[in-house]
Amino acid sequence: SVDPANDTGTTPTPGNPKPNIYNSTFAALGPGVVLPGTGNHHVYSTQPTISYTANPAARTYGAANPAFSGTATGLVNGDTAADAYSGTLTFASTATAASNAGSYDINGSGLTSGIGYKFAQAPANATAFTINPATLTYNANAANRFRHMAQSVRLLASMQLPSETLRRIVAPVETRRADVLFYTGCNVLRTPHIVLNVMDILDGLGLDFDVVGGTAHCCGVYQFQEADLPTYERIGHRTFQRLGQSGAARVLTWCPTCTKNFDELEKDAAPPSFDLGHVSEFLAGNLDELKRHFLPGQPRRRVVIHEHLGIGATLSSMHRLLSAVPNLELLTIEQDSGFSYACGGQAAKFKDREREIHRRLAEGAVAAGADTIVTMYHSCHRALSGAEAVYPSLKVVNFTDVIAEAMGRGGHPDYYRLYKAGGPMDEAVSAAARFLSNNGVKVDQNSIQSLTADIFNETGLDGGRDAFAKAFTELARQG
């Protein structure tokens, strides 16, 4: 029969042998059809459809997908489920934990028919799953902290970098196509000579790399610390996804907080498409190649590293890197290196202990005959860069300064050190006026007052705020 509805006097009845056979003729069985070994059976050339029909489901953005369910419908001619199909009926959605609010599919699968039924999704399945928007709880503290940080970072970066370099750093990460991506985070742009050093080192190694950072690529730490998880998802989680969209095979982090956040909140939850690690670990892993670029005749240095434990192998990596630099003697002194993974941040809540750590570091370095303190991270560098105002025999540099200079590169002015030292500001003001004009940024006295507080209210060693405040207030007055 072509169609059971057109049969006359042969319509199957419950007493007829089952199953009926579909998508077949007497001359040939359809694909997958198995003819029973006994009994008379109706054979139809038509192929009826069993529809996977999903039960509607919903969840809130940020929650896990629920268990999906549904039915298989469309049996004809008195067929039963046992006659028509076998297998395990399951339902699933293409929506993932990271999917945005909206409508998504719930599709059935898992069944096969040995008598010729075909399977299809019910039309309503295409929008059976709804992800509802989460209620956004506005966390004023997190928002205000982030806004204040962003304003300070933008102003300090605009005072120290030319517009073409700044534009390159903050351009959307999705537009990048390099094999290696140097991810700066936000706050290192307060001390941007560190970023320039890393770029010099990677360039010296001949790598296909690009650099990305700034507040538009924040790791979301402010929101996470305030338990504002919906906003963290929109900022930190989204940044991690965007890094993957760049297509980079390797992402080198700088900021210890970004490294910690992404390691603990993102990488373990869903393995990324790229290798993630701190730039110091990458350089130490390529130390043999790096050493081939070191120049002879390096200045003699007696160095103490301001040590922090807790972020992967960064400290041991920096020991390896600095120990390989010609004419550099690495000294060891007693330090409270287990307190916090970096200066500032959460450690700033314990100002007396931080002050004591910085004082003992500087005095221990002097007593050991060191001439240089090397910082690991940008927040440590901000805290210690004014130390020579208090301890004139010491110079404070970042480890990237040492490595870049050993390669015959680097040498970028550390304007933040000039701010903190409290001495003559002519060089710093002249550079700031030039870069601000180049970036199209104007400062007023209120912004300088706020910036002065940002710089000098942090725990650390410095020569006082008066020289900076006076010189830059005058720059603001001049327009």
Side-chain angles (χ1 to χ4, degrees), residues 169 176 178-185 187-189 191-213 243 246 248-260 262-263 267 272 274-296 298-299 301 303-330 337 341-342 372-381 396-412 414:
I169 293 170
R176 315 309 179 88
D179 184 58
V180 176
L181 200 59
F182 170 40
Y183 171 59
T184 71
N187 272 299
V188 70
L189 294 180
T191 50
H193 77 286
I194 293 174
V195 176
L196 300 179
N197 286 337
V198 176
M199 292 169 66
D200 281 351
I201 295 168
L202 299 180
D203 185 61
L205 289 173
L207 298 177
D208 172 28
F209 81 96
D210 208 343
V211 56
V212 64
L243 290 171
S246 72
R250 183 184 296 271
V251 175
L252 305 178
T253 60
W254 168 264
C255 174
T257 301
C258 297
T259 307
K260 182 178 173 67
F262 287 159
D263 263 344
K267 195 168 90 170
F274 51 86
D275 181 71
L276 181 74
H278 194 267
V279 65
S280 64
E281 297 175 16
F282 173 78
L283 295 178
N286 291 274
L287 185 55
D288 289 341
E289 176 63 24
L290 193 65
K291 286 164 64 175
R292 283 194 280 271
H293 295 272
F294 286 167
L295 302 180
Q298 297 296 314
R301 290 188 175 103
V303 167
V304 168
I305 300 175
H306 172 44
E307 297 182 348
H308 284 281
L309 301 174
I311 301 296
T314 53
L315 179 57
S316 60
S317 296
M318 291 181 199
H319 273 271
R320 290 184 62 205
L321 290 168
L322 294 177
S323 296
V325 175
N327 295 328
L328 187 149
E329 180 183 0
L330 197 56
S337 55
Y341 62 85
T372 304
I373 291 176
V374 170
T375 58
M376 295 176 62
Y377 305 120
H378 55 282
S379 59
C380 307
H381 196 78
V396 177
V397 299
N398 185 257
F399 85 93
T400 61
D401 288 302
V402 178
I403 301 303
E405 290 170 14
M407 299 173 72
R409 294 168 178 260
H412 303 286
D414 181 358

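Model, not experiment: these values are computed from the prediction. For this chain, numbers begin at 1 and follow the sequence in order.
- Side-chain atoms of Phe182 and Leu202, non-hydrogen and from C-beta on, do get closer than 4.5 Å to each other.
- The shortest heavy-atom contact between Val325 and Ile403 is CG2-CD1, 3.9 Å.
- Taking the six-membered ring where the residue is Trp, Phe399 and Trp254 present parallel rings, their angle staying beneath 30° rather than reaching 60°.
- Atom CD1 in Ile311 sits 8.0 Å away from atom CG in Asp263 (nearest 0.5 Å).
- Annotation: side chain of His278 is not in contact with side chain of Ser317 (no heavy-atom distance under 4.5 Å).
- Distance alone, capped at 3.5 Å, is enough to place a donor-acceptor pair between the Asp401 side chain and the Asn398 backbone.
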*Step by step, work out the side-chain contact (heavy atoms from CB on, under 4.5 Å) result for Met407 and Leu295.*
CA-CA 6 Å; Met407 299 173 72; Leu295 302 180; over 6 Å; no
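- No donor-acceptor pair under 3.5 Å is formed between the side chain of Thr253 and the backbone N or O of Cys255.
- Scanning both residues, Val195 and Ile169, for their nearest heavy atoms gives CG1-CD1, 4.1 Å.
- Distance check: Ser323 OG to Met318 CE gives 13.0 Å after rounding to the nearest 0.5 Å.
- With hydrogens and angles ignored, the 3.5 Å screen pairs a side-chain donor or acceptor of Asn327 with a backbone N or O of Gln298.
- Within the 4.5 Å cutoff, the side chain of Phe262 has no heavy atoms near those of the Val251 side chain.
- Taking 4.5 Å as the limit, some side-chain heavy atom of Asp203 sits within range of a side-chain heavy atom of Phe209.
- Under the 3.5 Å distance criterion, with hydrogens and angles disregarded, a donor-acceptor pair is assigned to the side chains of His412 and Asp200.
- Counting only heavy atoms from C-beta outward, the side chains of Phe274 and Arg250 never approach each other to under 4.5 Å.
- The shortest distance between side-chain heavy atoms of Val396 and Thr375 falls below 4.5 Å.
- A salt bridge links Glu405 with Arg301: at least one charged nitrogen is closer than 4.0 Å to a carboxylate oxygen.
- The distance from atom CG of Leu315 to atom NE2 of His308, rounded to the nearest 0.5 Å, is 10.0 Å.
- Here the CG-CZ distance, from Leu287 to Phe294, works out to 6.5 Å after rounding to the nearest 0.5 Å.
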*Go through the steps for Thr257 and Tyr341 under the test side-chain contact (heavy atoms from CB on, under 4.5 Å), then give the verdict.*
CA-CA 8 Å; Thr257 301; Tyr341 62 85; 2.8 Å; yes
*Step by step, work out the ring pair (Phe, Tyr, Trp, His ring centres under 6.0 Å) result for His193 and His378.*
CA-CA 10 Å; His193 77 286; His378 55 282; over 10 Å; no
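- Residue Arg409 holds its CZ atom at 11.5 Å from CG of Asn197, rounded to the nearest 0.5 Å.
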*Report the C-alpha separation of Glu289 and Leu205 in whole Å, then their side-chain angles, then the decisive distance to 0.1 Å, and conclude whether the side-chain contact (heavy atoms from CB on, under 4.5 Å) test is met.*
CA-CA 8 Å; Glu289 176 63 24; Leu205 289 173; 3.8 Å; yes
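- Here the straight-line distance linking atom CD1 of Ile305 with atom OG1 of Thr372 works out to 11.5 Å at 0.5 Å rounding.
- The closest side-chain heavy-atom distance from Val374 to His306 is not below 4.5 Å.
- Side-chain contact between Ile373 and Val397: absent, with no pair of heavy atoms (C-beta onward) separated by less than 4.5 Å.
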*Between Leu181 and Arg176, is a side-chain contact (heavy atoms from CB on, under 4.5 Å) present by the stated rule, with each step listed?*
CA-CA 8 Å; Leu181 200 59; Arg176 315 309 179 88; 4.1 Å; yes
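- The side chain to side chain contact (heavy atoms under 4.5 Å, CB included) with Thr184 is formed by just one residue from the set Leu252, Ile194, Val211, Val212; it is Val211.
- Scanning all heavy atoms of the two residues, the minimum distance from Ala313 to Glu281 falls at N-OE2, 2.9 Å.
- Across all their heavy atoms, Pro256 and Ala342 have their closest contact at CG-CB, 4.0 Å.
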